[in-house]
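This report concerns only the one structure given below.
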Number of protein chains: 2
Amino acid sequence: MRGTLRADGERKRALIYDTALALFREKGFDATTMRDIAKSAGISLGSAYHYFPSKVAIVFAYYEEVQDAHEERVRKKLPRTDGLLERLTLVFETKLELVRRDRQLLGAIGATLVQPGNELSAFSVEGRDFLQRSVALFDAALEPLATTPEARRTMALLLWTAHLGMMLRLVHDDSRGQKRTKSLVSRALTMAVPLLQLAATPMGAGLLAQLRSLLEENGLMPLPEETLSEG
Amino acid sequence: MRGTLRADGERKRALIYDTALALFREKGFDATTMRDIAKSAGISLGSAYHYFPSKVAIVFAYYEEVQDAHEERVRKKLPRTDGLLERLTLVFETKLELVRRDRQLLGAIGATLVQPGNELSAFSVEGRDFLQRSVALFDAALEPLATTPEARRTMALLLWTAHLGMMLRLVHDDSRGQKRTKSLVSRALTMAVPLLQLAATPMGAGLLAQLRSLLEENGLMPLPEETLSEG
DNA sequence: GTCTATACCCGGATAGAC
DNA sequence: GTCTATCCGGGTATAGAC
């Protein structure tokens, strides 16, 4: 039966995935070999490669799951959260909590992201969707700001950049419970909120507009080409 | 003779280095193997590893050279350059020009920099000197700003962060002559200068002080421990 | 036709003889 | 300090089990 086969395949894929993540967390990314994973999952090496084309592919699957979970948790709590600071804190801290224990994996992702020509970089077409989904969460958090959608989107992208900084800090943060990164986030947000509010006023409009065109030209912001589906 | 021996060793090291860089530039970092390098330099694989402990070590030697060259060029021209925008442009564009053609190598550096526990990260003790040297150039460029040394140093560190962003953009920029990154730098600086001038006023002092303690706690800014050499 | 076992290639890194 | 031989692990190719 078709369904059974597919379900089997998916179960197997999940088995490999779970086994791999367990090993990564236990021994670290580099120290875990594909042979370890296959052996520990009780399958052959070839089979593992059948489901995941490479070791990093497993890590990217992990990151996709993180992205899903982040989205779900934030979308659930955001409507009940008032205040710009609280809303932004929610987005940042939820993300941090999701990835906190997986610094090694984040390092592996980061490493492939800085490779020239990498398909998954934010600057590439293929990585665009990933970026947009993530930025959308920050955009949603900014809802209380009374400003134009464009300005909001620009600020959301800036926040996403800041979130990248958080990830970089996290990777090197071996303090207990990653409290250093936590403290960084909370203090940085406290400083950022008034600036965002300032940027949302007519006074900040000019600056934001300049920023926006800068970001657009570097492929970080989609030029308004959605219009073609409206015609 | 001692001197001759050392000179021989250095000459050999330089030979490996030059050969490696030529190959990196010709075929790219990944596609160039240590065996290629050794063969092309006319020595054995083991010998190559005697002079450089790893493939990335060669790249870091390159980066140190870049750092030296950047320092030299900037220090030479800075005294003859007036105006904040011009001075900052000098620092950024000189750096860009130095590394522009070596995106693959920069990627390799970036990849090791995001590995947890890496000794050369800016957050680590070992990478501190590297960071400080680089920040000092931005600090020097900010000289025309009438403000406190602490505030200036904070801004310099922010600019260094921005310079990291430039590098990330550069790695993915395959436009002709990397004009995209060039344009990004020039436009971003035009926007940044008024903000820096604003931050240098008493109005910006509070914000900068907050920023400073944030950066200090994350090991990016040296706590004033130089005082011990003064006693 | 789907998965496994296994042998193999490649390249980074190391050991140890000289 | 140099070289050869070797290890190790990611990734691939393939032959055959079922």
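Values below: every heavy atom of this structure, side chains too, minus hydrogens, waters and symmetry copies. Residue numbers start from 1 in every chain, and the chains themselves are labelled A, B, ... in the order their sequence lines are given, proteins ahead of strands.
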Indicate whether OP1 or OP2 belonging to [N] is found under 4.0 Å from a side-chain N or O atom of [X].
X      : N      : value
K39(B) : dC3(D) : no
S47(A) : dC3(C) : no
K12(A) : dC3(C) : no

Note: [X]-[Y] ion pair, threshold 4.0 Å (strictly below):
X       : Y       : value
D173(B) : R103(B) : no
E97(A)  : R73(A)  : no
E72(B)  : K76(B)  : no
R133(A) : E71(A)  : yes
D174(A) : R180(A) : no

Does any residue of residues 29-38 of chain A have a heavy atom under 4.0 Å from DNA chain D, and if so, which ones, in number order?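 Close to the strand are T32(A), T33(A), M34(A), R35(A).
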Contacting residues from residues 53-64 of chain A, given that a heavy atom lies under 4.0 angstrom of DNA chain D: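 Residues of residues 53-64 of chain A under 4.0 Å from DNA chain D: S54(A), K55(A).
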Output the rounded distance in Å from [atom1] ([X]) to [atom2] ([N]).
X      : N      : atom1 : atom2 : value
I43(A) : dA5(C) : CD1   : C1'   : 12 Å
H50(A) : dT2(C) : NE2   : C1'   : 8 Å
I16(A) : dT4(C) : CD1   : C1'   : 12 Å
L45(B) : dT4(D) : CG    : C1'   : 10 Å

Heavy atoms only, 4.0 Å cut-off, all strands: where does F52(B) land among base, sugar-phosphate and nothing?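 Nothing, no nucleic acid heavy atom in range.
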Counting the benzene-type ring for Trp, do F92(B) and F138(B) have ring centres under 6.0 Å apart?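 Centroid separation for F92(B) and F138(B): below 6.0 Å.
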Report the C-alpha distance between T181(B) and R100(B) in whole Å, list the side-chain angles of each, state the deciding distance to 0.1 Å, and finish with yes or no for side chain to side chain donor-acceptor pair (under 3.5 Å). CA-CA 9 Å; T181(B) 304; R100(B) 195 165 60 77; over 6 Å; no
Nearest non-hydrogen partners of A136(A) and R75(A), listed with the distance: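 For A136(A) versus R75(A), the nearest heavy atoms are CB-NH2, 4.1 Å.
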For nucleotides 13-16 of chain D, list the nitrogen or oxygen atoms of the protein found under 3.5 Å from its nitrogen or oxygen atoms, one pair per line.
none

Find out whether the Lys NZ or Arg CZ of K12(B) is both under 6.0 angstrom from the six-membered ring centre of Y51(B) and within 45° of the ring's axis.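 That pair does not qualify as a cation-pi contact.
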Tell me which nucleotide among dT2(D), dT12(D), dA5(D) gets nearest to the side chain of Y49(A).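 Nucleotide nearest to Y49(A)'s side chain: dT12(D).
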Side chain of S44(A): nearest nucleotide among dT4(C), dA5(D), dT2(D)?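 So the nucleotide nearest the side chain must be dT4(C).
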Check the surroundings of atom NZ in K27(B): do more than 12 heavy atoms from other residues, nucleotides or ligands lie under 6.0 Å from it?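 More than 12 heavy atoms, drawn from other residues, nucleotides or ligands, come within 6.0 Å of this atom.
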So, the side chain of H50(B) versus the backbone of S47(B): is there a donor-acceptor pair under 3.5 Å, distance only?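 Not confirmed, H50(B) side chain does not pair with S47(B) backbone.
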